[in-house]
Structure formats: C-alpha cells, structure tokens
Amino acid sequence: DMSRLAKFRGLSSLTFNRNHIFYMQQLEALRQLPTLVSLTVSENPVCEMRSALKMTAIRLLPRLQEFNGQVITEEERQMGR
C-alpha cells in the first residue's frame, strides 16, 4: 500500500526494486509527495512495458526530474502531457 508513504512528504528520491508493482497506477499515492523528483522502478512486472513506462511516469508524477536514472527532458515532458 503506497499510501503509507504519504507521511514522508520530504522524500526527494525513491527506488522500488522487486516490489510486485504491476501497474504504474499503483504509484498514484506518490503524488502526495511534493518534493519527489527522482523515481526508480526496477525489476518489477510493470517494467515489461518499458516503451510506455517513462511517459506514464511523467503523466502520473509531473514534478519528476529523473526516472530510472535518466533525466527527463523538456521534450519528453511535453510529450507526456
């Protein structure tokens, strides 16, 4: 249950590795973390949809500056809107 992370409002970076994340929507609770700018999601079932993963993350969490170790460019941000 990701909603338990909401109490850590000062988090700026978060890594999920082998957490049984099947859908990016499972991470919606992270929207409550206003300082989250870096997210890594690795070795999870959701990673199989690699082509759409970054764009989905940008749409879900528009404040992200980095996803899976890659800087989010302004062009990617525009495409994600």
Under 4.5 Å side-chain heavy-atom separation, chaining through any Ile, Leu, Val, Met, Phe, Trp or Tyr, what else clusters with F22? Say none if it is isolated.
Y23
Enumerate donor-acceptor pairs with a distance under 3.5 Å from any side-chain N or O in residues 55-65 to protein atoms, sequence neighbours excluded.
from, atom 1, to, atom 2, distance (Å)
T56, OG1, A52, O, 2.8
R59, NE, G80, O, 3.1
R63, NE, P34, O, 3.3
R63, NH2, R31, O, 3.0
R63, NH2, L33, O, 3.4

Pairing residues for [X] by the side-chain contact (heavy atoms from CB on, under 4.5 Å) criterion, not counting sequence neighbours:
| X | result |
| --- | --- |
| T35 | none |
| E48 | none |
| V46 | I21, M24, V41, N44, M49, L53 |
| S13 | S38 |

Residues that E43 engages under salt bridge (charged side-chain N to carboxylate O under 4.0 Å, His left out), provided they are two or more places apart
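Testing E43 for salt bridge (charged side-chain N to carboxylate O under 4.0 Å, His left out), a comparison that skips the adjacent residues, returns R18.
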Mind checking what makes salt bridge (charged side-chain N to carboxylate O under 4.0 Å, His left out) contact with E66, not counting sequence neighbours?
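Once residues adjacent in sequence are excluded, E66 has no partner under the salt bridge (charged side-chain N to carboxylate O under 4.0 Å, His left out) criterion.
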Do T40 and F67 touch side chain to side chain, with heavy atoms closer than 4.5 Å?
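No. Closest side-chain heavy atoms not under 4.5 Å.
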Quick one: CD on Q70 to NZ on K54, what's the gap to the nearest 0.5 Å?
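It comes to 4.5 Å.
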Stepwise side chain to side chain contact (heavy atoms under 4.5 Å, CB included) check, L14 with F8
CA-CA 11 Å; L14 200 51; F8 300 105; over 6 Å; no
Qualifying residues under side-chain hydrogen bond (donor to acceptor under 3.5 Å, both in side chains), relative to Q78, sequence neighbours excluded:
E74
Co-membership, hydrophobic cluster, residues V37 and L5, 4.5 Å side-chain:
no
